[in-house]
Enquirer: 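Structure in structure tokens, see below.
Values below: every heavy atom of this structure, side chains too, minus hydrogens, waters and symmetry copies.
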Amino acid sequence: CSEPHKGERKEIQIMQIMNHYYFFRKNMPKTVVTWFSFFWSEIGRLLYELLRGKPKLFWFRWTGFAKIIKNIMLIR
């Protein structure tokens with residue numbers, strides 16, 4: 001099994017965070033508490049990647065996080 005190249009890793013990280021968001025949006029109640037929980041978990045994952053010495057994965061996930069914020073702003 002070969003290691004994915006940079007472009008694949010970026011797409012995988014973005015897809016993971018977007019899929020987490022879509023699953024959350026589809027299946028969870030839309031309350032302040034659940035939204036807070038979702039964002040808290042994503043911030044925790046961002047910090048996890050940064051603190052474990054994976055700044056590229058941090059920035060890849062940040063890209064996905066930014067897409068979620070943009071999507072939320074468009075929905076309103």
Side-chain angles (χ1 to χ4, degrees):
C1 182
S2 65
E3 192 67 24
H5 64 77
K6 180 181 173 183
E8 288 176 343
R9 283 187 297 207
K10 181 177 182 177
E11 292 304 314
I12 289 168
Q13 292 297 315
I14 292 171
M15 282 190 318
Q16 282 179 343
I17 193 170
M18 293 301 292
N19 287 340
H20 184 212
Y21 168 65
Y22 290 134
F23 177 84
F24 170 83
R25 195 177 75 192
K26 181 179 177 185
N27 296 297
M28 300 298 290
K30 309 312 183 272
T31 67
V32 172
V33 173
T34 56
W35 278 108
F36 179 79
S37 298
F38 170 77
F39 284 111
W40 188 254
S41 71
E42 290 305 327
I43 290 168
R45 183 62 194 254
L46 286 169
L47 291 175
Y48 172 76
E49 298 298 354
L50 190 61
L51 294 175
R52 74 179 196 149
K54 304 281 186 175
K56 286 183 182 178
L57 293 180
F58 169 85
W59 289 111
F60 296 160
R61 289 193 71 82
W62 179 257
T63 302
F65 192 69
K67 285 185 176 188
I68 289 171
I69 298 298
K70 183 178 177 182
N71 185 284
I72 291 170
M73 297 310 234
L74 290 174
I75 289 173
R76 291 179 177 222

Enquirer: Sequence neighbours left out, what passes side-chain hydrogen bond (donor to acceptor under 3.5 Å, both in side chains) with Thr63? Give chain and number order.
Expert: none
Enquirer: How close do Ile14 and Phe60 get, counting heavy atoms only, and between which atoms?
Expert: CG1-O, 3.5 Å
Enquirer: What residues form a salt bridge (charged side-chain N to carboxylate O under 4.0 Å, His left out) with Glu49, not counting sequence neighbours?
Expert: Arg45, Arg52
Enquirer: Apart from Tyr48 itself, what residues make up its hydrophobic cluster when side-chain heavy atoms of I, L, V, M, F, W and Y under 4.5 Å apart count as a link, directly or indirectly?
Expert: none
Enquirer: For Phe58, give me all partners under ring pair (Phe, Tyr, Trp, His ring centres under 6.0 Å), at least two apart in sequence or on another chain.
Expert: none
Enquirer: Rounded to the nearest 0.5 Å, how far does CD1 of Ile12 lie from CG of Leu57?
Expert: 10.0 Å
Enquirer: Measuring only between side-chain heavy atoms, which start at C-beta, is Ile68 closer than 4.5 Å to Phe38?
Expert: yes
Enquirer: Nearest 0.5 Å, what's the NE2-OG distance between His20 and Ser41?
Expert: 4.0 Å
Enquirer: Listing request: all salt bridge (Lys or Arg N to Asp or Glu O under 4.0 Å) pairs with a residue in residues 58-70, at least two apart in sequence or in separate chains.
Expert: Glu42-Arg61
Enquirer: Listed by chain and number, what are the side chain to side chain contact (heavy atoms under 4.5 Å, CB included) partners of Lys30, not counting sequence neighbours?
Expert: Arg25, Trp35
Enquirer: Kindly give the heavy-atom pair with the smallest separation between Tyr21 and Ile72, and that separation in Å.
Expert: OH-CG1, 3.6 Å
Enquirer: To the closest 0.5 Å, what do you measure between NZ (Lys54) and CD (Gln13)?
Expert: 10.5 Å
Enquirer: Hey, is CZ on Phe23 packed in by over 12 heavy atoms from elsewhere, all under 6.0 Å?
Expert: no
Enquirer: Anything under 30° is parallel, anything over 60° is perpendicular, the rest tilted; go ahead and classify Trp62 against Phe65.
Expert: tilted
